[in-house]
Amino acid sequence: MMEARKVQENDGRGGKRMRLLRRGRIVLNQRHSSFDVGIRDLSATGAKLKLSEIWAVPDAFELQILKSDGSVELIVPCAKRWQSGILVGAQFARPPR
């Protein structure tokens with residue numbers, strides 16, 4: 001699926017996470033608004049996202065994981081688990097499609 005730079009041991013998450021540098025997009029407002037994000041790590045149950053600037057991410061949103069050419073590889077409904085400045089923890093509400 002995706003190239004990982006480094007696989008880390010399980011640290012309390014639902015599964016192992018892969019460190020990676022991928023582009024993504026947070027989509028909200030019934031798909032009328034979107035914001036580009038960096039995907040810093042990924043597991044079967046969630047992801048750590050990096051925003052380009054600080055803004056309050058809503059409690060529920062859709063994450064689009066992008067291919068290197070900018071097209072959408074996966075779409076995952078998410079719940080925000082935490083936010084610290086420009087970093088956001090996202091939990092997948094259901095498996096990616």
Side-chain angles (χ1 to χ4, degrees):
M1 173 175 85
M2 293 172 225
E3 291 182 37
R5 293 181 63 173
K6 180 179 177 184
V7 176
Q8 299 211 341
E9 292 301 316
N10 187 339
D11 60 357
R13 290 180 169 91
K16 290 184 180 181
R17 63 182 168 149
M18 298 182 298
R19 267 201 206 275
L20 52 112
L21 297 172
R22 292 284 301 264
R23 290 178 33 218
R25 187 177 298 129
I26 290 177
V27 181
L28 43 111
N29 296 332
Q30 299 170 343
R31 295 190 175 162
H32 293 293
S33 300
S34 67
F35 301 90
D36 291 337
V37 296
I39 302 171
R40 305 301 291 179
D41 70 36
L42 190 66
S43 74
T45 59
K48 180 165 61 172
L49 310 175
K50 184 176 180 182
L51 308 173
S52 59
E53 59 186 59
I54 296 176
W55 58 277
V57 174
D59 291 335
F61 58 91
E62 187 176 80
L63 175 64
Q64 295 180 345
I65 300 172
L66 305 178
K67 296 180 186 178
S68 59
D69 67 2
S71 63
V72 176
E73 181 175 351
L74 295 171
I75 299 172
V76 190
C78 294
K80 179 177 76 174
R81 301 301 294 158
W82 57 268
Q83 182 170 359
S84 178
I86 61 170
L87 297 177
V88 176
Q91 180 179 21
F92 299 154
R94 64 174 188 258
R97 59 178 166 91

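Side chains of L51 and I26 form a contact here, defined as non-hydrogen atoms less than 4.5 Å apart. Contact check for W82 versus K48: side-chain heavy atoms found under the 4.5 Å cut-off. Counting heavy atoms from C-beta on, the side chains of L21 and R40 come closer than 4.5 Å. In this structure, L42 and I65 have side chains that are in contact, with non-hydrogen atoms separated by less than 4.5 Å. Between L49 and I39, some side-chain heavy-atom pair lies under the 4.5 Å cut-off.
One distance of note links CG of D36 with NZ of K50; it measures 14.0 Å at 0.5 Å rounding. Distance check, rounded to the nearest 0.5 Å: OG of S84 to CD1 of I54 gives 8.5 Å. Taking CD1 from I75 and CD from Q64, the interatomic distance works out to 5.0 Å, rounded to the nearest 0.5 Å.
Across every non-hydrogen atom of P58 and L28, the tightest pair is CG-CD2, 3.8 Å. Of all heavy-atom pairs between F92 and C78, the closest is CD2-SG, 3.7 Å. Between R23 and G70, the closest heavy-atom pair is NH2-CA, 3.9 Å.
Two different hydrophobic clusters hold F61 and V27 under the rule that ILVMFWY side chains link at heavy-atom gaps under 4.5 Å.
Within the 3.5 Å criterion, the main-chain N or O of G85 finds a donor-acceptor partner in the side chain of Q83.
Just one of R25, K67, R22 meets the salt bridge (Lys or Arg N to Asp or Glu O under 4.0 Å) condition when paired with E73; it is R22.
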